[in-house]
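In what follows, a single structure is set out as structure tokens and then discussed.
To find a chain, count down the sequence lines: A is the first, B the second, and so on, and within it residues start at 1. All values below come from the heavy atoms of this structure, side chains included, with hydrogens, waters and symmetry mates left out.
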Number of protein chains: 2
Amino acid sequence: MKWSDLDQDPCPVARAMSVVGDRWTLLILREAFLGTLRFDGFQDRLGITRHLLAERLKKLEALGLMHRTPYQERPLRHEYRLTPTGRAFGPVMLLLVDWATENLPSDLPPPVRVVSLEDGREVDPVVVDRATGTPLTYETMRLRRT
Amino acid sequence: MKWSDLDQDPCPVARAMSVVGDRWTLLILREAFLGTLRFDGFQDRLGITRHLLAERLKKLEALGLMHRTPYQERPLRHEYRLTPTGRAFGPVMLLLVDWATENLPSDLPPPVRVVSLEDGREVDPVVVDRATGTPLTYETMRLRRT
DNA sequence: GTTATGGGTTCCAAATAGGAACTTACTGAT
DNA sequence: ATCAGTAAGTTCCTATTTGGAACCCATAAC
């Protein structure tokens, strides 16, 4: 299997990995969700090399998670924003944060949290089935080959 | 930032990336959720090199997502199973599958799906707040630096 | 004794990542 | 007019990871 063709794989897990399986990409998305818009903003926050940052942003644009739009001309400068596809990744990011917080221990307090826009309180996510409302966990569901 | 220290980072997104940010690891977890138990089972299914598979399994064991137990002695042979931490990754995997299916198009039908153990029907996941039941999307929540 | 099975390790080439300097196109200050 | 600064990259070179194949070991089966 070639890494570069992973985004064409029929398996959604493989296509998801073409996004989150690249070094740095998840952190770039974190910054985007936190409101970072510009190339140097990502670079300063993450300490990623400019070279890789340019590549990752290009790939995220190609995959449709981010888009680049000019915020000024002369000199031409662009900003990077999440597309609807990128924003739809929000719940996945939330679940990743929740899972890592609960399952990969750290002695330092987390420098980010997810808050409700309604009341500003930290959210406590649970995945349920849309139709029945049943919580979906390893105990109530299975991945199956079709 | 050193890649090898990512699992010690105070940010849960960084710690999550230490799991899903390695090449192959998400696919290894997919196979584990599908029921694969043995080294050669993973290797046959994925076409990963034995070298990398051994490394990834070691890392997943070290991070606490999988554990290795003997299923026979003479000759000693082990199988790999998800730990509670690994099984807790189930809802994240489910959300990743759902997001990729909806947002990263493929012309071929997906070779896996997630079904309910109760009625066998394909699940339709939605993330809600445990206390209020409010759906959690980009429109109702934000990641914040603390 | 030879072949097969399961679970690895070793070796080397190829691809990817990291670090630093360089480039382009301006703006604003001296 | 020159110099420093800003924003967004690109280039070059080295270090680390990955990919591919072969090799190793213990045992069982033919």
Between CZ of B:R142 and OG of A:S116, what distance do you get to the nearest 0.5 Å? 10.5 Å
Can you tell me the distance, in whole Å, between the CG atom of A:L37 and the C1' atom of D:dT6? 17 Å
Which donor-acceptor pairs under 3.5 Å do the side chains of residues 42-50 of chain B make with protein atoms, sequence neighbours left out?
| residue | atom | partner | partner atom | Å |
| --- | --- | --- | --- | --- |
| B:Q43 | OE1 | B:R50 | NH1 | 3.1 |
| B:Q43 | NE2 | B:I48 | O | 2.7 |
| B:T49 | OG1 | B:L52 | N | 3.3 |
| B:R50 | NH2 | B:D40 | OD1 | 3.0 |

For the residue pair A:M66 and A:A32, what are the closest heavy atoms and their distance? CE-CB, 3.7 Å
How does protein contact run along nucleotides 16-26 of chain D, one letter per nucleotide 5' to 3', with B for base contact, S for sugar-phosphate only, - for none, heavy atoms under 4.0 Å? -SSSB-----B
For residues 82-95 of chain A, please give each side-chain donor-acceptor pair under 3.5 Å, one per line with the distance, not counting sequence neighbours.
| residue | atom | partner | partner atom | Å |
| --- | --- | --- | --- | --- |
| A:T83 | OG1 | A:G64 | O | 2.5 |
| A:T83 | OG1 | A:L65 | O | 3.0 |
| A:T83 | OG1 | A:T85 | N | 3.3 |
| A:T83 | OG1 | A:G86 | N | 3.1 |
| A:T85 | OG1 | B:N103 | OD1 | 3.4 |
| A:R87 | NH1 | A:L82 | O | 3.0 |

Residue pairs meeting ring pair (Phe, Tyr, Trp, His ring centres under 6.0 Å), one or both in residues 45-75 of chain A, sequence neighbours left out, come to none
Could you state the CG-P distance from B:L57 to C:dG8, rounded to the nearest angstrom? 8 Å
Looking at D:dA7, I'd like to know if its phosphate oxygens (OP1 or OP2) sit under 4.0 Å from a side-chain N or O belonging to A:R68. no
What's the CG-P distance between A:L6 and C:dT16, to the nearest Å? 12 Å
Length of the line joining A:Q72:CD and D:dA8:C1', which is rounded to integer Å: 11 Å
What nucleotide among C:dG8, D:dG9, C:dG6 has an atom nearest to a side-chain atom of B:Y71? C:dG6
Closest contact, heavy atoms only, B:P12 versus A:A100: O-CB, 3.2 Å
Rounded distance in Å - NZ (B:K2) to P (D:dA15): 15 Å
Interatomic distance where CG belongs to A:D40 and C1' belongs to C:dT23 [whole Å]: 14 Å
OP1 or OP2 of D:dG9 less than 4.0 angstrom from a side-chain nitrogen or oxygen of A:Y80, does that happen here? yes
Name the residue closer to the 5' end of DNA chain D, choosing between B:L76 and A:H78 according to the nucleotide with the nearest heavy atom. A:H78
I need the full list of side chain to side chain donor-acceptor pair (under 3.5 Å) pairs touching residues 2-12 of chain A, with sequence neighbours left out, sorted by first then second residue. A:W3-A:D22
Quick one: B:M17 CE to C:dA17 P, roughly how many Å, whole number? 11 Å
Rounded to whole Å, please give me the gap between CG in B:D44 and C1' in C:dA4. 14 Å
Using five base pairs at each end, measure the axis-to-axis angle across the helix from C:dG1-D:dC30 to C:dT30-D:dA1 and round it to 10 degrees. 10°
Non-hydrogen side-chain atoms of B:L27 and A:M17 separated by less than 4.5 Å: yes
Could you check whether A:R81 pairs with A:E61 (Lys NZ or Arg NE/NH1/NH2 to Asp/Glu carboxylate O, under 4.0 Å)? no
Is there a side-chain contact between B:K58 and the phosphate of C:dT9, meaning an N or O under 4.0 Å from OP1 or OP2? yes
